[in-house]
Protein chains: 2
Amino acid sequence: MRKLKTERQPEILDAALAIADEHGLDALTMRAVAERIGVTPMAIYGYFRNKNELLDGLVGRLLTSLPQALPGESWDQRLGAFAWATRRLARDHPGVFPLLFARPSVTPDAVAVVDLIYQALIDAGVPDADVPRIERLITTFVLGFATSEANGRFSASGDGIRSRRARGDFPAHQRLLAHLDSPADLDAEFAADLADLVRIIRPV
Amino acid sequence: MRKLKTERQPEILDAALAIADEHGLDALTMRAVAERIGVTPMAIYGYFRNKNELLDGLVGRLLTSLPQALPGESWDQRLGAFAWATRRLARDHPGVFPLLFARPSVTPDAVAVVDLIYQALIDAGVPDADVPRIERLITTFVLGFATSEANGRFSASGDGIRSRRARGDFPAHQRLLAHLDSPADLDAEFAADLADLVRIIRPV
DNA sequence: ACCTGAACACCGTTCAAGT
DNA sequence: ACCTGAACACCGTTCAAGT
């Protein structure tokens, strides 16, 4: 198992991210990355053992770009900052973002993010024994929401499609017709969801 | 745009699902599917326009296998049935399940599932205007939880890895050490999460 | 009406060689 | 120490042909 070079790793990840952002995840090939940094495909293998490790590197890159906690912020401010930053990440990098769900992240970058959330929950008064569960609850939702947006899972149901389906034997759709095709202000929806989730956390 | 044959579609989807279940999503190639049903790769293209449509078919197959609502069940029974069935689906088909997040599902199968949840929320007393948002909130979490499990996002943090990371500058991890490596009874955790979410729904 | 065969333009990755 | 060139074993998909 040869030792990997690290010098040009950031440059390679930059190129990979740019390709995915511009042309989608499918266009992210070793050959394309190589061409972008002006090198032969095989040169990449000096820096990443294979494509999977390159994708892991990309996930790490996304995670480190999340904001650190600022001193003096309240726990719900810190939680909100994390949530909104995550969502913005998905909007900025819709091609790569879903990888966060696919690859279990135990890199130091990932742990740092988790630690931030743990601390916020502790400060909120969540019992120690419940903190890890609530952390998974929150991040699962936030990641899921952001991934849904990145993949178009929400927007595809707007735009008249769903209401057109409302005939037939979908009685609840029929009843809710007036509420189905709103242009879906996802900012407001996300804010409302976060408020609901915080109600779970907040000590009674 | 030639008309597709439909006769052998179920047979093809069965084969595709079996391959993904047995050898993972990466092994699901047109060539492998063809071989499994004893046909040339090009024969598949008579039934699915391309590989993407075959994957869409697979998603549809998963959705239709979710249980219908039984008459006489309370709204939280119906919601719970959906949630647990979804999670079992992810355990039975970890390779394909994450596709549910990737592909916006507006097929009749998908709408049927959504309609079931809409009705449960209506019965729970959620105001009509809030029902679509709460539906997205619930399904995003349930799908996210099940996908996390299927992808090993949760289990990878158990098994000592996380606690080993707890040194260094991760103070919250340090404090929670005793609670980090529990073998993670995910059944109990999922149940607790659902109970918390139902508290959002249940009218005060 | 349904399927096959051969071919094309790609992949990720290996190995041995070059400077 | 770092990179290249050629090759291998795959992909999805096209087109024209077979029965």
Side-chain angles (χ1 to χ4, degrees), chain A residues 1-61 95-96 98-99 102-104 151, chain B residues 1-61 94-96 98-99 102-104 151-152:
Chain A
M1 197 116 113
R2 263 191 77 271
K3 198 71 186 325
L4 292 176
K5 291 159 266 175
T6 56
E7 193 97 11
R8 303 184 73 184
Q9 275 181 359
E11 184 189 351
I12 294 170
L13 291 177
D14 283 341
L17 193 55
I19 291 167
D21 288 345
E22 291 167 20
H23 305 106
L25 192 61
D26 286 348
L28 176 49
T29 68
M30 298 301 265
R31 287 167 153 92
V33 174
E35 189 182 20
R36 185 148 191 140
I37 65 172
V39 99
T40 253
M42 280 316 301
I44 310 285
Y45 288 81
Y47 299 89
F48 296 92
R49 233 170 297 273
N50 49 45
K51 188 178 179 181
N52 254 288
E53 295 210 350
L54 192 153
L55 293 179
D56 284 338
L58 227 37
V59 166
R61 162 70 55 103
V96 249
L99 293 181
R103 338 209 127 233
N151 285 337
Chain B
M1 196 120 111
R2 261 191 81 274
K3 198 69 186 326
L4 293 176
K5 290 160 267 175
T6 56
E7 192 96 12
R8 304 185 72 183
Q9 275 181 359
E11 184 188 351
I12 294 169
L13 291 177
D14 282 341
L17 193 56
I19 291 166
D21 288 346
E22 291 167 20
H23 306 107
L25 193 60
D26 286 348
L28 175 49
T29 68
M30 298 301 264
R31 286 167 153 92
V33 173
E35 189 182 19
R36 185 150 192 138
I37 64 171
V39 101
T40 256
M42 280 316 300
I44 311 283
Y45 288 82
Y47 299 88
F48 296 93
R49 234 171 296 275
N50 50 46
K51 187 179 180 180
N52 254 287
E53 296 210 350
L54 191 153
L55 294 179
D56 284 337
L58 228 36
V59 167
R61 161 71 54 104
V96 252
L99 293 180
R103 337 207 129 232
N151 286 338

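All values below come from the heavy atoms of this structure, side chains included, with hydrogens, waters and symmetry mates left out.
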Rounding to a whole Å, what distance do you find between [X]:[atom1] and [N]:[atom2]?
{"X": "Tyr45(B)", "N": "dT14(D)", "atom1": "OH", "atom2": "P", "answer": "7 Å"}
{"X": "Met30(A)", "N": "dT4(D)", "atom1": "CE", "atom2": "P", "answer": "14 Å"}
{"X": "His23(B)", "N": "dC11(D)", "atom1": "NE2", "atom2": "P", "answer": "13 Å"}
{"X": "Arg49(B)", "N": "dT14(D)", "atom1": "CZ", "atom2": "C1'", "answer": "16 Å"}
{"X": "Ile12(A)", "N": "dC2(D)", "atom1": "CD1", "atom2": "P", "answer": "12 Å"}
{"X": "Ile44(B)", "N": "dT14(D)", "atom1": "CD1", "atom2": "P", "answer": "15 Å"}
{"X": "Asn50(B)", "N": "dC15(D)", "atom1": "CG", "atom2": "C1'", "answer": "17 Å"}
{"X": "Glu11(B)", "N": "dC2(C)", "atom1": "CD", "atom2": "C1'", "answer": "13 Å"}

Compare the minimum distances between each of [options] and the side chain of [X], then state the nucleotide with the smallest one.
{"X": "Ala43(A)", "options": "dG12(D), dT4(D), dT13(C)", "answer": "dT4(D)"}
{"X": "Lys5(B)", "options": "dC15(C), dT13(D), dC3(C)", "answer": "dC3(C)"}
{"X": "Arg31(A)", "options": "dT14(C), dC2(D), dC11(C)", "answer": "dC11(C)"}
{"X": "Thr29(B)", "options": "dC15(D), dC3(C), dG12(D)", "answer": "dG12(D)"}
{"X": "Lys51(B)", "options": "dA6(D), dT4(C), dG12(D)", "answer": "dG12(D)"}

Residue matched to dC8(D) through Watson-Crick or wobble contacts both under 3.5 angstrom: dG12(C)
Identified pairing partner of dT19(C), criterion: Watson-Crick or G-U wobble below 3.5 Å: dA1(D)
Sugar-phosphate, base or nothing in reach of Phe48(A), heavy atoms under 4.0 Å: nothing
Sugar-phosphate only, base, or nothing, as touched by Met42(A) at under 4.0 Å among non-hydrogen atoms: base
Gln9(B) to Phe48(B) - nearest heavy-atom pair and separation: CG-CZ, 3.7 Å
Heavy-atom check, side chain of Leu55(A) versus side chain of Val96(A), under 4.5 Å: no
Side chain to side chain, Asp14(B) and Arg61(B), heavy atoms closer than 4.5 Å: yes
Tyr47(A) side chain near dC2(D) phosphate (N/O to OP1/OP2, under 4.0 Å): no
dC2(D) phosphate, OP1 or OP2, under 4.0 Å from Arg8(A) side-chain N/O: no
Verdict with supporting geometry, Ile12(B) and Val39(B), side chain to side chain contact (heavy atoms under 4.5 Å, CB included): CA-CA 10 Å; Ile12(B) 294 169; Val39(B) 101; over 6 Å; no
Contact nearer the 5' end of DNA chain D, comparing Leu28(B) with Thr40(A): Thr40(A)
Separation of Leu28(A) CG from Leu17(A) CG (nearest 0.5 Å): 9.0 Å
